[in-house]
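Side-chain atoms are counted along with the backbone in the values below, which use heavy atoms only and exclude waters and symmetry mates.
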Amino acid sequence: MNSFLVLRLGMRPLTHGVLTAIVLISGAFIIVFSAVDGRPSIPLFLAWRLATFFCVGILVGNLNALAMEPLGHIAGLGATVIGSISTFVSLPFGWFIGHLFDGTVLPLVGGVFALALVTALWTEGGRFGGLARCE
């Protein structure tokens with residue numbers, strides 16, 4: 001699926017679109033999960049996880065490929081550095097979101113929503129829009 005989408009859309013527009021999709025999916029599920037006091041049924045929670053895991057699977061692979069583009073001659077070292085940085089950057093976010101746990105799924109869904117929104121705004125220069133704004 002990823003290779004088909006990359007050939008059809010291009011890697012940069014695809015990553016912007018998938019990041020936008022994560023924001024929209026998580027935002028919609030925050031509303032749905034809030035309606036059931038943050039305790040959704042297993043199938044409903046799995047629907048959110050399936051949608052976000054699909055998007056994250058496309059996003060991470062393509063972001064790593066984009067980051068490795070200029071590092072062809074030192075690809076092994078580049079992969080190591082990118083993996084280490086992504087791990088160390090994600091640690092405080094995981095710790096913070098984990099400490100917000102209140103017996104519901106809302107901190108998790110809200111954390112994914114907030115991180116995806118901030119990342120989308122940061123990478124798109126303060127704009128939000130995914131596929132429509134990419135060249």
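Taken together through direct or relayed side-chain contacts under 4.5 Å among Ile, Leu, Val, Met, Phe, Trp and Tyr, Ile25 and Met1 form part of one hydrophobic cluster. In the hydrophobic clustering of this structure, Val56 does not group with Ile82; members are Ile, Leu, Val, Met, Phe, Trp, Tyr whose side-chain heavy atoms approach within less than 4.5 Å, directly or through other members. Hydrophobic cluster membership differs between Leu44 and Leu46, with clusters built from Ile, Leu, Val, Met, Phe, Trp and Tyr side chains linked at under 4.5 angstrom. Residues Phe113 and Phe93 fall into different hydrophobic clusters, defined by Ile, Leu, Val, Met, Phe, Trp and Tyr side chains chained together at heavy-atom separations under 4.5 Å. Hydrophobic clustering of Ile, Leu, Val, Met, Phe, Trp and Tyr side chains at less than 4.5 Å, counting indirect connections, keeps Leu100 apart from Val109.
Contact annotation: the side chain of Leu115 approaches that of Ile97 to within less than 4.5 Å [non-hydrogen atoms, C-beta and beyond]. The shortest side-chain heavy-atom distance between Asp102 and Pro107 falls under the 4.5 Å cut-off. Side-chain contact between Leu59 and Cys55: absent, with no pair of heavy atoms (C-beta onward) separated by less than 4.5 Å. Counting only heavy atoms from C-beta outward, the side chains of Val105 and Trp48 never approach each other to under 4.5 Å. With contacts defined as side-chain heavy-atom distances shorter than 4.5 Å, the pair Asn2/Leu14 qualifies. Between Val18 and Phe54 the shortest side-chain heavy-atom distance does not fall below 4.5 Å. Between Val36 and Val32 there is no side-chain heavy-atom pair separated by less than 4.5 Å. Between Leu117 and Leu121 the shortest side-chain heavy-atom distance falls below 4.5 Å.
Of the inter-residue distances, the one linking Asn64 atom CG with Ser86 atom OG reads 6.5 Å to the nearest 0.5 angstrom. Remark: Thr52 OG1 to Leu108 CG distance equals 8.0 Å, nearest 0.5 Å.
Using a distance-only test at 3.5 Å, with no hydrogens or angles considered, a donor-acceptor pair links the side chain of Ser90 to the main chain of Thr87.
Nearest approach of Leu106 to Ser34, heavy atoms of both residues: CD2-OG, 3.8 Å. Smallest separation of non-hydrogen atoms from Ala65 and Met11: CB-SD, 3.8 Å. Heavy atoms only, all atoms of each residue included: Ala67 and Pro70 are closest at O-CD, 3.5 Å.
Within a 6.0 Å radius of CG in Leu91, other residues, nucleotides and ligands contribute more than 12 heavy atoms.
The aromatic rings of Phe45 and Phe33 are tilted relative to each other, their planes meeting at an angle between 30° and 60°.
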Next item on the list: Go through the steps to decide whether Leu19 and Thr15 satisfy the test side chain to side chain contact (heavy atoms under 4.5 Å, CB included), and finish with yes or no.
Entry: CA-CA 6 Å; Leu19 190 56; Thr15 57; over 6 Å; no
